[in-house]
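Worth saying up front: this structure is predicted, and the values here are computed from it rather than measured. Here is how names work: the chains are called A, B, and so on, in the same order as the sequence lines, proteins then strands, and each is numbered from 1.
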Amino acid sequence: MAGELSIISRSFYSCMDAVSIARELLGTILYTEINPGEITTGRIVETEAYMAPEDLACHARGNKRTSRTETMFARPGTAYVYKCYGIHDLFNLVTAPENVAHAILIRAIEPLKGIDLMATRRKMDRKKVELVNGPGKLTKALGISTLHDGIDLASEFSPIQILKSEKAPNFKIIAGPRVGMSHHTKHCGHYPWRFRISGNRYTSLPKEVRYEW
DNA sequence: ATAATGATTCGCT
DNA sequence: GCGAATCATTATG
């Protein structure tokens with residue numbers, strides 16, 4: 001059980017386009033209980049949207065269906081976890097109705113519960129922002145791996161869940177270009193589809209600010 | 001069957 | 001700042 005905070009329902013993940021959901025997810029809580037009692041939670045502070053078929057930066061660009069991208073076509077609220085550079089497991093939430101391959105990459109969190117466990121998993125001091133300020137870092141800290149690819153995030157029985165949370169009074173979002181775009185993504189690499197909570201120390205510094213809300 | 005590549009991270013200079 | 005680490009996935013032969 002996730003405790004006092006309520007889980008975000010499946011309908012949320014298809015009620016808007018992925019870019020809007022990427023913004024709405026900022027401030028919500030990423031919860032994991034990988035093994036019984038091993039609870040870790042963090043506030044989502046940085047996200048990126050990917051939207052097939054037009055988005056060339058998306059794995060499912062052109063609605064390409066492969067054994068890996070198949071998960072992106074699953075029902076909304078599904079976890080898409082894949083291996084990057086052979087080393088890091090990156091965590092995404094599938095959005096949009098089934099057979100529409102949209103997803104949100106979680107890029108950074110602010111640690112809340114189970115920080116000692118995160119530090120143990122990361123072999124790092126619990127106070128460092130480097131504990132969780134990157135997509136491959138936070139999955140390791142929270143115990144998320146490719147074993148969780150395809151699981152349902154909208155179930156109370158899942159080891160990974162997304163929970164509602166009140167936004168801070170001074171809550172503000174900053175948008176900018178996505179990171180890690182290779183040359184073949186062309187103009188898509190410049191879309192301002194990366195979002196972070198303004199002023200939060202657990203996000204990386206802005207390279208280029210495009211819009212603010 | 002083989003080869004290229006990446007939504008990254010870390011350690012060293 | 002730069003380059004290595006490291007392997008699943010993908011395309012191609």
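Comparing A:R122 and A:M72 against DNA chain B, the residue whose closest nucleotide sits nearer the 5' end is A:M72.
Aromatic stacking is not marked for A:Y85 over C:dA5, as the cut-offs of 5.5 Å for the centres and 30° for the planes do not both hold.
As judged by a 4.0 angstrom heavy-atom cut-off over every strand, A:L90 is placed among residues touching the sugar-phosphate backbone only. Across all strands shown, A:R178 has no heavy atoms under 4.0 Å from either base or sugar-phosphate atoms. Residue A:S67 is classed as a sugar-phosphate contact, given heavy-atom separations below 4.0 Å to backbone atoms only. Counting any heavy atom pair closer than 4.0 Å across all strands shown, A:T69 reaches sugar-phosphate atoms only and no base atom.
Sorted by first and then second residue, the pairs that involve residues 10-19 of chain A and meet side chain to side chain donor-acceptor pair (under 3.5 Å), not counting sequence neighbours, are A:S9-A:S11, A:R10-A:D152, A:D17-A:S20.
Taking the side chain of A:K64 as heavy atoms from C-beta on, and the options B:dA7, B:dT9, C:dT10, the nearest nucleotide is C:dT10. Of the candidate nucleotides C:dA8, C:dT10, C:dT6, C:dA8 has the atom nearest to the side chain of A:K83. You'll find that the side chain of A:K137 is closest to B:dC10, out of B:dT8, C:dT10, B:dC10.
Taking side-chain N and O atoms only, A:R107 has a distance below 4.0 Å to OP1 or OP2 of B:dT8. Applying the 4.0 Å criterion to OP1 and OP2 of B:dA7, one finds that A:H59 has a side-chain N or O inside that range. For B:dA7, the OP1/OP2 oxygens have no side-chain nitrogen or oxygen of A:R61 closer than 4.0 Å. Not one side-chain nitrogen or oxygen of A:K140 sits closer than 4.0 Å to the OP1 or OP2 atom of B:dT8.
A donor-acceptor pair shorter than 3.5 Å cannot be found between the side chains of A:R43 and A:T28. Side chain to side chain, A:T71 and A:D149 meet the donor-acceptor criterion of an N or O pair below 3.5 Å.
Across all strands shown, C:dT9 is found opposite B:dA4 as a Watson-Crick or G-U wobble partner, with both distances under 3.5 Å.
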Check step by step if side-chain contact (heavy atoms from CB on, under 4.5 Å) holds for A:I162 and A:L25. CA-CA 9 Å; A:I162 310 295; A:L25 281 173; 4.2 Å; yes
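Across the protein-nucleic acid pair, A:Y50 atom OH and B:dG6 atom P stand 13 Å apart, rounded to whole Å.
Relative ring orientation between A:H187 and A:Y191 is described as perpendicular, the plane-to-plane angle rising above 60° on a 0-90° scale split at 30° and 60°.
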